[in-house]
There are 2 protein chains.
Amino acid sequence: MDIQLKRGLLDVCVLAAIKNEESYGYKIIKDVKPYVELSESTLYTILKRLETAEMLTVRSAEHEGRLRKYYSITDAGLGRIDEFKEDWKEIESIYQFVAREC
Amino acid sequence: MDIQLKRGLLDVCVLAAIKNEESYGYKIIKDVKPYVELSESTLYTILKRLETAEMLTVRSAEHEGRLRKYYSITDAGLGRIDEFKEDWKEIESIYQFVAREC
DNA sequence: CGATATACTTCGTGATACGATGTATATCGT
DNA sequence: ACGATATACATCGTATCACGAAGTATATCG
């Protein structure tokens, strides 16, 4: 998919991936993969950004000798998803405008 | 609407605005306005980019003493719109993923 | 005659997706 | 026993891009 099109979709995809239960980097990538391709460098950039924006919280825990950082969504994160749903109406009308035959 | 979300949508909106008949900057902004807000500086950047990518062609003509640059879509431009329609299927599935309740 | 609309242009800035690269451990197959 | 692969997180540099600000210039309307 077009890179530019992914912008604005990725943040919200990551939030959706931790919406129901906390998750960690590698799992998020796998969960999101069926919908969008997401590289590790991109994901960790996004996670840091969302953390700064207080849309998620982090806790570190050891899992089988390896460190894992578990991410949980906050109310602000849930609010971000709601905003996206609002924006979706506009996006759909844009699609109609672009795809219309005449 | 979220700026990041607009990326990838704007190019295609501009192409859609000249899809059926040639148009010019000021008119494109007005035609697209009901769907997305688009500033002049953004539009002219986009027009230049699309021209470089050979998705549109330009001709200059005088109109009531003022210069106007008329833009027409090319086959590559029409192809770009088709690509967007393809991407749309993915975008919709992303929306389902993000907006699902569970 | 000033405000507003039309019309195009350039510059600088901030946001951001991604490839490349690096570190480190666990598991699986042969 | 050992190499490949999967798991897991991190950093850096680059290219792309939307936008506000500011500028130039003419036409129209009240």
Side-chain angles (χ1 to χ4, degrees), chain A residues 1-15 17-18 22-33 35-53 55-56 58-71 80 84 87 90-91 94, chain B residues 1-15 17-18 22-33 35-53 55-56 58-71 80 84 87 90-91 94:
Chain A
M1 187 168 61
D2 178 55
I3 292 183
Q4 302 308 321
L5 220 36
K6 290 169 78 170
R7 298 173 90 115
L9 255 26
L10 289 180
D11 278 30
V12 124
C13 274
V14 170
L15 288 172
I18 61 168
E22 60 173 16
S23 188
Y24 53 94
Y26 226 70
K27 183 165 189 295
I28 293 170
I29 289 177
K30 283 200 292 183
D31 288 344
V32 163
K33 204 174 193 114
Y35 307 99
V36 239
E37 202 58 42
L38 178 61
S39 71
E40 288 180 63
S41 59
T42 301
L43 175 65
Y44 290 110
T45 305
I46 292 172
L47 287 172
K48 200 154 286 173
R49 182 163 68 236
L50 292 175
E51 191 189 349
T52 304
M55 293 192 183
L56 49 78
V58 198
R59 70 175 182 91
S60 288
E62 203 176 305
H63 176 82
E64 287 173 5
R66 280 192 295 272
L67 176 78
R68 259 195 199 163
K69 293 176 88 172
Y70 291 93
Y71 299 89
R80 179 71 183 79
F84 174 71
D87 283 345
E90 284 178 59
I91 295 174
I94 290 171
Chain B
M1 186 168 63
D2 178 54
I3 291 183
Q4 302 308 321
L5 220 36
K6 288 169 78 169
R7 296 174 89 115
L9 255 27
L10 288 181
D11 278 30
V12 126
C13 274
V14 170
L15 288 172
I18 61 169
E22 61 173 14
S23 188
Y24 54 94
Y26 226 70
K27 183 166 189 294
I28 294 170
I29 289 176
K30 283 200 294 182
D31 289 343
V32 164
K33 202 172 195 119
Y35 307 101
V36 240
E37 203 58 41
L38 179 60
S39 72
E40 287 179 61
S41 59
T42 301
L43 174 65
Y44 290 109
T45 305
I46 291 171
L47 287 171
K48 200 154 286 174
R49 182 165 66 237
L50 292 175
E51 190 189 351
T52 303
M55 293 192 183
L56 49 77
V58 198
R59 70 176 182 91
S60 287
E62 204 175 305
H63 177 83
E64 287 173 6
R66 280 191 296 271
L67 176 78
R68 259 195 199 164
K69 292 175 88 172
Y70 291 93
Y71 299 90
R80 178 72 183 75
F84 174 72
D87 283 345
E90 284 178 59
I91 295 173
I94 290 171

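Throughout, a chain's letter reflects where its sequence line sits, starting with A, and its residues are numbered from 1.
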(request) Select from A/G25 and B/R49 the residue whose nearest nucleotide in DNA chain D is closer to the 5' end of that strand. (result)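 The residue whose closest nucleotide sits nearer the 5' end is A/G25.
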(request) Find which nucleotide of DNA chain D each of A/Y24 and B/E37 is nearest to by heavy atoms, and output the residue with the more 5' nucleotide. (result)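 It is A/Y24, whose closest nucleotide lies nearer the 5' terminus.
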(message) Check the phosphate of C/dT16 against A/T45, side-chain N and O only, distance under 4.0 Å to OP1 or OP2. Yes or no?
(response)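 So the side chain of A/T45 is outside the cut-off, no N or O lying under 4.0 Å from OP1 or OP2 of C/dT16.
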(message) So, OP1 or OP2 of C/dA5: does either fall under 4.0 Å of a side-chain N or O from B/K30?
(response)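 No, outside the criterion.
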Nearest-nucleotide pick for [X], side chain only, options being [options]:
{"X": "A/L10", "options": "C/dT9, D/dC9, C/dA17", "result": "C/dA17"}
{"X": "B/R66", "options": "D/dA18, D/dT7, D/dT26", "result": "D/dT26"}
{"X": "A/Y44", "options": "D/dA10, C/dA17, C/dA7", "result": "D/dA10"}
{"X": "B/K69", "options": "C/dG19, D/dC19, C/dC8", "result": "C/dC8"}
{"X": "B/R68", "options": "C/dC18, C/dA7, D/dA8", "result": "C/dA7"}
{"X": "A/K48", "options": "C/dA7, D/dT11, D/dA8", "result": "D/dT11"}

(message) Both A/G8 and A/E40 contact DNA chain C. Taking the nearest nucleotide for each, which residue is further toward the 5' end?
(response)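 Nearest nucleotide further toward 5': that of A/G8.
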(request) Verify the distance criterion only: is there a donor paired with an acceptor across the side chains of A/R68 and A/Y24 at less than 3.5 Å? (result)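 A donor-acceptor contact under 3.5 Å links the two side chains.
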(message) Quick check on side-chain contact (heavy atoms from CB on, under 4.5 Å): which of A/I18, A/I28, A/V58 does A/L47 satisfy it with?
(response)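 When A/I18, A/I28, A/V58 are each tested with A/L47, the side-chain contact (heavy atoms from CB on, under 4.5 Å) holds only for A/I28.
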If you restrict it to nitrogen or oxygen atoms, what contacts under 3.5 Å exist between nucleotides 28-30 of chain D and the protein, and what is each distance?
none

(message) As an exercise, state the distance from CG of B/L56 to OG of B/S23, rounded to the nearest 0.5 Å.
(response)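 Separation between the atoms: 11.0 Å.
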(request) To the nearest 0.5 angstrom, please state how far the CZ atom of A/F84 sits from the CD1 atom of B/I94. (result)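 Separation between the atoms: 7.5 Å.
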Starting from [atom2] on [N], measure out to [atom1] on [X] and report it in whole angstrom.
{"X": "A/D31", "N": "D/dT7", "atom1": "CG", "atom2": "P", "answer": "12 Å"}
{"X": "B/K6", "N": "D/dA18", "atom1": "NZ", "atom2": "P", "answer": "9 Å"}
{"X": "B/L43", "N": "C/dT9", "atom1": "CG", "atom2": "P", "answer": "10 Å"}
{"X": "A/I3", "N": "C/dA15", "atom1": "CD1", "atom2": "P", "answer": "20 Å"}
{"X": "A/I46", "N": "C/dC18", "atom1": "CD1", "atom2": "P", "answer": "8 Å"}
{"X": "B/L50", "N": "D/dT16", "atom1": "CG", "atom2": "C1'", "answer": "14 Å"}
{"X": "A/L38", "N": "C/dA17", "atom1": "CG", "atom2": "C1'", "answer": "10 Å"}
{"X": "B/Y70", "N": "C/dA7", "atom1": "OH", "atom2": "C1'", "answer": "11 Å"}

(message) Distance criterion of 3.5 Å, no angle test: do you see the side chain of B/S41 paired donor-to-acceptor with the base of D/dG20?
(response)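 Check passes, donor-acceptor contact within cut-off.
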(message) Let's test your reading of the model: under 3.5 Å, does the base of D/dC17 pair with the side chain of A/Q4 as donor and acceptor?
(response)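 Donor-acceptor pair under 3.5 Å: no.
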(request) Assign B/K27 to base, sugar-phosphate, or nothing according to its heavy-atom contacts below 4.0 angstrom with the strands shown. (result)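 Here B/K27 touches no strand at all.
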(request) Indicate, with a heavy-atom threshold strictly under 4.0 Å, whether B/L67 touches base, sugar-phosphate, or nothing. (result)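 Sugar-phosphate, backbone atoms only, no base.
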(message) Looking at B/K6 and B/E37, is there a salt bridge between them, counting it only when a charged N and a carboxylate O are closer than 4.0 Å?
(response)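 Salt bridge: no.
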(request) Please determine if B/D87 and B/R80 form a salt bridge, counting it only when a charged side-chain N lies under 4.0 Å from a carboxylate O. (result)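 Salt bridge absent between B/D87 and B/R80.
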(request) Please map the stems of DNA chain D, keeping only stretches of three or more Watson-Crick or G-U wobble pairs with both distances under 3.5 angstrom. (result)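 Runs of three or more consecutive pairs: C:1-30 with D:1-30.
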(message) How close do A/K69 and A/S60 get, counting heavy atoms only, and between which atoms?
(response)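 Shortest heavy-atom contact: CG-OG, 3.6 Å.
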(message) Counting C-beta onward and ignoring hydrogens, is there a side-chain heavy-atom pair between B/M55 and B/R49 closer than 4.5 Å?
(response)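 They are not in side-chain contact.
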(request) Flag the pair B/L50 / B/L15 as yes when at least one side-chain heavy-atom distance between them is below 4.5 Å, and no otherwise. (result)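 In contact.
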(message) With a 3.5 Å distance limit and no angle check, can you tell me whether B/T42 reaches the backbone of B/L38 through a side-chain donor-acceptor pair?
(response)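 No, the answer is negative, given that no donor and acceptor are paired below the 3.5 Å cut-off.
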(message) Can you list everything that forms a salt bridge (Lys or Arg N to Asp or Glu O under 4.0 Å) with B/E40? Sequence neighbours excluded, please.
(response)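 Salt bridge (Lys or Arg N to Asp or Glu O under 4.0 Å) list for B/E40, sorted by chain: empty.
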